[in-house]
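As the structure is a computational prediction, the values presented were derived from the model and not from experiment.
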Amino acid sequence: MDREVAPDYIKNNRNRRWVMIGVIIIAVVATLYFFRRSLGSTLESSRIRTATVEIGDVENTLTASGEIIPAYEQIFASPIRASIKRILLTPGTRVQPGQPIVELDKSLTEIEAERYQDQLDLKLNSIEQLRMRLNKDLYDAEINDRIKSLNINKLKADLEDAKRLQKVGGGTAEDITRADNALKIAELEKKQLENDLKYNRESMSASLKETELGAQIEGKNLKELKHKLKMADIVADRKGVLTWVNENIGSSVNEGEMLAKVADLGSFRVEGNCSDVYAEQVKTGLSVIIKMNEALLRGVITQVKPAVKDGIISFVIQLDNARNESLRPNMKVEVYVVTNKSSRTLRVANGPAFTGKRKQFIYVLRNQTAYRREVETGLSNFDFIEIKSGLKTGEKVIVTDMNNYEHLEEISIQ
């Protein structure tokens with residue numbers, strides 16, 4: 001017959017089991033810890049890159065992109081509606097001032113210019129005829145005014161004669177009244193004639209001025225058309241390289257349609273683009289660093305375009321050395337806009353070790369041993385990062401990514 005196991009015995013067995021499990025867990029954790037520490041406490045020198053802390057300038061930059069374009073590019077557009085008659089130069093040709101590029105068929109515009117000239121001549125002839133007619137009407141009115149003055153003088157004399165005859169008994173009061181009325185009527189007619197003469201003078205002057213203005217308009221239209229005909233001679237006005245030309249001989253082109261492009265490939269500028277997140281930081285006058293392969297160029301933002309397209313803002317950069325031999329049209333470059341600068345500050349070469357945090361741990365190399373140290377950083381760019389505290393001039397810093405060793409206070413460098 002089975003006997004019941006004592007409770008004390010069961011309790012002791014359970015406790016021993018838990019103790020054994022705890023010991024095993026502690027042993028495994030300790031083994032893993034010391035194994036990891038033994039593996040990570042040494043590092044080959046060939047796997048790290050170091051930089052020396054120094055004093056210098058640090059510029060804070062924001063990253064953008066850019067494209068090299070000619071500083072000067074002239075676009076030739078057709079000033080008239082015409083057709084392409086001949087292509088005189090091909091793209092890639094160097095052009096000189098006065099050298100023709102495209103020849104247009106201007107016959108229709110020349111006929112229109114002749115029509116404008118005929119209309120102007122007709123207007124000028126109308127002005128001359130109107131002036132002659134107005135002068136004749138004015139002369140006739142002045143003669144009538146003189147005749148009316150003479151008639152008034154005669155009526156005044158008749159009135160005086162009637163008064164003298166009455167005094168000597170040879171006339172009546174009715175004769176005096178009749179002569180007086182005739183004089184008053186003549187004087188009123190003279191005033192009416194003078195008013196008409198004044199009105200005619202002003203009216204004639206206004207009519208002549210209106211006709212002359214019409215002739216001036218015709219003259220300006222003719223002058224504008226002749227200027228367009230002159231501009232229709234597509235000729236280079238400065239040195240450059242023909243980068244594009246409309247080669248569709250015989251095709252019609254409308255007024256304002258592009259015919260050719262001439263660029264000065266000896267001088268360049270940069271059109272930059274960046275996210276509109278930086279819209280408030282990108283301003284005219286800011287310095288810019290252009291990274292082109294291994295070369296660095298500097299410039300300044302001269303224009304920030306007001307429109308935002310697809311979340312991108314554009315700006316124009318004038319280069320300090322716009323004639324650098326490495327510059328090529330349409331070349332893509334890296335652009336760094338300098339938004340702030342610290343002069344004569346502690347700095348060290350930027351690298352993966354710096355994560356962008358204001359305070360972080362890095363490793364300082366001394367006597368083949370790397371020591372972990374907390375530093376405070378400031379401004380940064382693609383070359384350098386500013387050190388606010390934690391380092392001294394001349395110390396060597398590991399700039400390689402050390403995330404896998406961040407748990408170690410010291411690392412032996414072999």
Side-chain angles (χ1 to χ4, degrees), residues 69-138 200-265 303 305 307 329:
I69 61 174
Y72 159 78
E73 186 175 45
Q74 184 177 11
I75 296 176
F76 292 91
S78 177
I80 59 174
R81 182 177 176 83
S83 60
I84 299 176
K85 190 174 182 179
R86 283 196 304 165
I87 304 299
L88 304 175
L89 298 175
T90 57
T93 305
R94 291 192 172 274
V95 297
Q96 300 294 326
Q99 189 172 4
I101 301 171
V102 178
E103 182 180 349
L104 297 177
D105 184 358
K106 303 179 287 183
S107 55
L108 291 178
T109 307
E110 289 171 344
I111 293 173
E112 187 177 3
E114 292 176 359
R115 181 170 60 84
Y116 274 26
Q117 183 66 60
D118 292 340
Q119 289 177 351
L120 177 60
D121 293 340
L122 187 62
K123 283 280 186 183
L124 293 175
N125 185 59
S126 299
I127 290 172
E128 191 61 30
Q129 290 182 353
L130 179 61
R131 184 178 286 111
M132 292 172 62
R133 186 170 63 252
L134 294 178
N135 288 337
K136 179 182 180 302
D137 293 342
L138 185 61
N200 288 337
R201 284 173 177 168
E202 294 176 352
S203 177
M204 292 174 185
S205 177
S207 299
L208 189 60
K209 186 175 182 180
E210 180 182 357
T211 309
E212 288 175 343
L213 285 174
Q216 287 179 12
I217 293 173
E218 292 291 343
K220 289 179 179 178
N221 290 337
L222 178 61
K223 185 177 180 181
E224 180 183 358
L225 194 58
K226 286 183 176 179
H227 177 69
K228 287 182 177 180
L229 278 170
K230 184 178 179 181
M231 296 299 294
D233 297 327
I234 310 302
V235 176
D237 57 4
R238 64 179 70 187
K239 292 182 180 180
V241 175
L242 182 66
T243 57
W244 181 86
V245 66
N246 187 341
E247 298 177 314
N248 298 319
I249 298 176
S251 63
S252 297
V253 289
N254 295 319
E255 183 177 345
E257 190 170 340
M258 187 166 61
L259 294 173
K261 289 182 180 180
V262 174
D264 178 8
L265 299 186
Q303 178 190 5
K305 297 182 180 179

Can you tell me how far the CZ atom of Arg238 sits from the CG atom of Asp264, to the nearest 0.5 Å?
8.0 Å

Would you say that Asn246 contacts Val102 through its side chain, given a criterion of any heavy-atom pair below 4.5 Å between the two side chains?
no

Say you draw a straight line from CG of Leu120 to CD of Gln216; how long is it, rounded to the nearest 0.5 Å?
10.5 Å

Do Leu104 and Thr109 come close enough that some side-chain heavy atom pair is under 4.5 Å?
no

Of the options Asp121, Leu225, Ile111, which is the one that meets Tyr116 in a side chain to side chain contact (heavy atoms under 4.5 Å, CB included)?
Leu225

Provide the full list of side-chain hydrogen bond (donor to acceptor under 3.5 Å, both in side chains) pairs with a residue in residues 82-97, sequence neighbours left out, each pair given once.
Arg86-Glu103, Thr90-Thr93

Going by side-chain hydrogen bond (donor to acceptor under 3.5 Å, both in side chains), name the pairs with one or both residues in residues 218-230, residues two or more places apart or in two chains.
Lys228-Glu255

Euclidean distance, Asp233 CG relative to Lys106 NZ, rounded to 0.5 Å
3.5 Å

Do the side chains of Val95 and Val241 get nearer than 4.5 Å, heavy atoms only?
no

Heavy-atom distance under 4.5 Å between the side chains of Leu242 and Val262, does that happen here?
yes

Value rounded to 0.5 Å, distance of CG in Asp118 from CG in Leu222
10.0 Å

At their closest point, which heavy atom of Ile234 faces which heavy atom of Ala77, and how far apart are they?
CD1-O, 4.4 Å

Roughly how far apart are Phe76 CZ and Met231 CE, rounded to 0.5 Å?
8.5 Å

Quick one: CD on Glu257 to CZ on Arg81, what's the gap to the nearest 0.5 Å?
9.5 Å

Shortest non-hydrogen contact from Ile87 to Leu89?
CG2-O, 3.2 Å

